Asks: 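Take this structure, written in structure tokens, and hold onto it; I'll ask about it next.
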Number of protein chains: 2
Amino acid sequence: MPTHPKKKAATVRDVAKAASVGFATAARTLGGYGSVSPEVRGRVLLAAATLGYRPNRLARSMATGTSRTLGVVVADIENQFFARIVRGISDVARPAGFEVILVNSDEKANEERVAVRMLAEKQVDGIIVAPAAVNDFGHLSELQDSGLPIVLLDRNIPQLAADAVVIDGMNAAEEATDHLIALGHRRIAIVTDVLSETPIPRDFRPPASVATAGIRLAGFLKALHRAGLAVDELLVRRASPTIAGAYSEAGALMDLTSPPTAIFTTDNVMTLGAFEALQDREIRIPQDLSFFGFDDLDWTRIVHPPLSVVAQPVYELGATAAQTLLGRIEGRAGSAQVRVLPTQLVHRGSTRQVSNGHRRAKSINRVPVPPGEIRPQT
Amino acid sequence: MPTHPKKKAATVRDVAKAASVGFATAARTLGGYGSVSPEVRGRVLLAAATLGYRPNRLARSMATGTSRTLGVVVADIENQFFARIVRGISDVARPAGFEVILVNSDEKANEERVAVRMLAEKQVDGIIVAPAAVNDFGHLSELQDSGLPIVLLDRNIPQLAADAVVIDGMNAAEEATDHLIALGHRRIAIVTDVLSETPIPRDFRPPASVATAGIRLAGFLKALHRAGLAVDELLVRRASPTIAGAYSEAGALMDLTSPPTAIFTTDNVMTLGAFEALQDREIRIPQDLSFFGFDDLDWTRIVHPPLSVVAQPVYELGATAAQTLLGRIEGRAGSAQVRVLPTQLVHRGSTRQVSNGHRRAKSINRVPVPPGEIRPQT
DNA sequence: TTGTAAGCGTTATCAA
DNA sequence: TTGATAACGCTTACAA
């Protein structure tokens with residue numbers, strides 16, 4: 001017959017009693033830490049099995065002061081970027097015996113603050129966070145000097161002096177933009193998200209403390225600057241950080257009297273939204289417009305044309321963050337490290353050389369988009 | 001100056017001492033449960049603030065027997081289907097004061113077993129699981145009669161008699177197939193994943209205990225049967241549950257001497273993989289082939305042509321599961337309920353009527369696929 | 001090797 | 001309203 005129909009799980013005490021050994025002895029065998037004679041050990045294990053004993057890890061955590069749980073705060077698990085990151089984290093954490101508590105912050109500093117405190121109160125052994133705001137991190141330094149290990153993901157906050165795992169977004173954006181410039185484009189637009197509330201920066205120093213989008217924007221501007229191209233503010237679009245946001249900004253770009261000949265987007269959401277807008281307007285890529293996206297998601301291969309994108313090692317971002325965190329938890333000392341993972345440009349079919357490559361921006365006025373003919377719309 | 005540079009968090013005892021009140025009194029104010037005079041209350045709160053007191057939720061859980069944590073086991077958080085589900089769960093759980101521990105099972109029953117036990121040992125208040133195997137659920141019933149609330153997601157296991165939140169995959173597949181049949185298709189293929197190890201079922205009773213993919217396959221077959229169409233086993237493809245798997249099966253389909261005129265896929269991974277294969281072969285959809293996918297993901301709108309798909313309420317699947325679970329946790333009684341959420345067909349441009357609609361299957365031999373011309377390949 | 005006893009930081013009970 | 005004191009289930013000295 002099954003042990004108990006419901007309720008009351010067996011405890012070490014119960015097992016000890018059933019095996020008629022001392023409490024601590026049972027605890028030692030079950031917890032696997034002291035030493036016990038094989039004979040007794042067998043008795044205890046048998047009793048445990050018949051009672052269906054399962055250890056209470058909460059109690060264990062209370063006693064040991066370690067919960068074997070990691071806290072992870074990302075903007076939105078629905079964003080494939082973060083989903084893949086979380087997978088990377090999880091794949092490293094589990095084999096090491098750590099579980100993951102996941103929280104979405106929606107890029108809201110306040111949600112993050114609450115989440116992070118809650119996680120700390122739940123006694124997680126460490127926290128990985130993609131910080132929502134780079135200028136609002138009191139809650140993070142609070143954690144830090146409470147002694148809780150914390151690893152920043154995707155966005156660094158130098159003032160925190162915490163471990164961080166990021167990509168070089170500045171350089172990535174620069175490379176992509178360079179490529180468009182090399183193809184002869186002079187009116188290059190960028191669709192980025194409003195998380196970069198910074199005004200268009202006129203200087204291009206490696207940004208000290210600015211969000212992901214801001215860094216990529218800076219890289220874009222730097223490339224233009226290096227090429228001696230003036231920045232047309234009309235071509236710098238801050239979208240709300242949604243597909244719809246990018247959609248409408250990309251649309252607005254094409255409505256300009258002098259639309260861009262190339263568009264660069266700064267993350268996968270922007271890429272999707274902008275691309276959809278171009279599709280709906282039946283703008284031919286790359287004939288009418290060159291397009292450079294961000295994030296090498298599966299779908300970028302199967303659209304028409306396949307998109308050239310900046311590929312970042314998303315999974316590794318998560319895995320590395322987890323490894324870093326586990327290292328700290330196991331007591332690795334040393335000052336905080338910022339790990340910068342490499343990106344690369346993936347060239348597919350969405351950009352092309354434009355003919356008049358020499359500073360004739362004025363004459364590149366685009367003709368109104370003709371109604372498309374390729375796609376069998378339904 | 002900041003309280004402590006590191007280590008040792010303040011406890012209720014510390015606060016009590018600092019406020020010079022009894023320990024229990026401090027505990028009551030801080031825990032917000034007993035009654036305390038406003039005056040004392042103020043003193044305690046002040047002391048707590050200056051000491052930077054943060055409750056230890058683990059200790060609280062020990063005492064109360066409730067951890068305010070939910071366990072969630074899905075196949076793979078990278079799959080957008082599960083990512084959206086988890087978002088739905090999280091959005092319901094958090095406002096209710098519950099955190100979520102996330103585990104990936106990769107559809108492996110054994111991973112799931114380990115995960116589920118670990119979660120139980122961590123004293124989660126309930127578990128939501130998309131069970132990997134419908135015939136291997138000992139670990140789940142084990143939980144059940146330990147009294148831990150459990151909600152099945154996406155896949156029901158009738159023998160368990162647990163709450164479940166699913167869609168009617170049978171009907172969904174049937175509808176999609178019906179639609180293809182109505183368009184005159186007679187050689188209709190299906191690309192599904194190998195999780196349905198069931199042989200091609202010859203009977204179409206509402207499947208008692210079969211995985212998601214199997215149910216959808218049954219719906220497909222049922223539709224064919226109702227239309228009096230014979231099943232060509234060559235057109236029933238079990239792919240490994242990856243993009244690559246679907247890719248190669250779809251490719252194989254088109255290599256048949258008598259390829260299908262329509263393809264139906266049974267989840268978003270199959271859809272992506274199959275579609276990519278068709279793209280790469282430059283098969284024109286819907287001119288050369290009609291295509292019906294599964295899951296209304298964003299990218300299905302922006303491919304060429306936009307895909308007709310079975311849309312399921314993914315977010316709601318998660319949200320409903322969480323609501324159901326919370327209900328049980330709060331003690332709602334009553335027998336297990338299976339909630340079936342509605343699906344719907346989204347018609348876009350990937351299917352079309354075929355001319356010879358009347359049982360002339362034999363004459364529908366397709367001509368070899370001509371090299372495509374539309375896409376500016378790079 | 002075994003057992004006793006003292007925590008871990010809460011909540012819950014019960015007098016005062 | 002207060003304040004001891006006993007759980008909660010485990011680990012960790014410390015003795016025996």
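This one's a predicted model, so the numbers in the text were calculated from it and none came from an experiment. Below, read A as the first sequence line, B as the second, and so on, with proteins coming before strands; counting in each chain starts at 1.
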Asks: If you take all heavy atoms of B:N156 and B:A162, which pair is closest and at what distance?
Replies: OD1-O, 4.5 Å

Asks: Rounded to the Å, how far apart are B:L30 CG and C:dA12 C1'?
Replies: 16 Å

Asks: Could you state the atom-to-atom distance from NZ of B:K122 to C1' of D:dC10 in whole Å?
Replies: 15 Å

Asks: So, OP1 or OP2 of C:dT13: does either fall under 4.0 Å of a side-chain N or O from B:Y33?
Replies: no

Asks: Taking 4.0 Å as the cut-off, does a side-chain nitrogen or oxygen of A:T11 come that near to OP1 or OP2 on D:dC10?
Replies: yes

Asks: Judged by each residue's nearest nucleotide on DNA chain D, which is more toward the 5′ side, B:S35 or A:A27?
Replies: B:S35

Asks: I want to check one thing: is the phosphate of D:dT1, taken as OP1 and OP2, less than 4.0 Å away from some side-chain N or O of B:T25?
Replies: no

Asks: What's the CZ-C1' distance between B:R43 and D:dG3, to the nearest Å?
Replies: 14 Å

Asks: Considering only heavy atoms and no angle criterion, is a donor-acceptor pair shorter than 3.5 Å present between the side chain of B:R54 and the base of C:dG9?
Replies: no

Asks: For D:dT1, take OP1 and OP2 only and decide whether either is under 4.0 Å from a side-chain N or O of B:S37.
Replies: no

Asks: Can you check the A:R28 CZ to D:dA15 C1' distance for me, whole Å?
Replies: 11 Å

Asks: How close do A:Q144 and A:I150 get, heavy atom to heavy atom, and via which atoms?
Replies: CG-CG2, 3.6 Å

Asks: Rounded to the nearest angstrom, tell me the gap between atom OH in A:Y53 and atom P in D:dG9.
Replies: 10 Å

Asks: Without decimals, in angstroms, what is the distance between B:L51 CG and C:dG9 P?
Replies: 14 Å

Asks: Which nucleotide in the set C:dT4, D:dC10, D:dC8 lies at the smallest distance from any side-chain heavy atom of A:V12?
Replies: D:dC10

Asks: What is the distance, to the nearest angstrom, from the CZ atom on A:R68 to the P atom on D:dT11?
Replies: 13 Å

Asks: Map B:M62 and B:R41 onto DNA chain D by nearest heavy atom, then report which one ends up closer to the 5' terminus.
Replies: B:R41

Asks: Could you state the CG-P distance from B:D14 to C:dG9, rounded to the nearest angstrom?
Replies: 8 Å

Asks: Here's a test of your reading of the structure: between A:V40 and A:F23, which maps to the more 5' nucleotide of DNA chain C?
Replies: A:V40

Asks: Which nucleotide, D:dT11, D:dG9, D:dC8, lies nearest any side-chain atom of A:T64?
Replies: D:dT11

Asks: Please determine if A:D125 and A:R328 form a salt bridge, counting it only when a charged side-chain N lies under 4.0 Å from a carboxylate O.
Replies: no

Asks: Using a cut-off of 4.0 Å on non-hydrogen atoms, how would the nucleic acid contact of B:R57 be classed: base, sugar-phosphate, or nothing?
Replies: nothing

Asks: Using 4.0 Å as the upper bound for N to carboxylate O, is an ion pair formed by B:E121 and B:R117?
Replies: no

Asks: Between A:R87 and B:D106, is there a salt bridge with N-O shorter than 4.0 Å?
Replies: yes

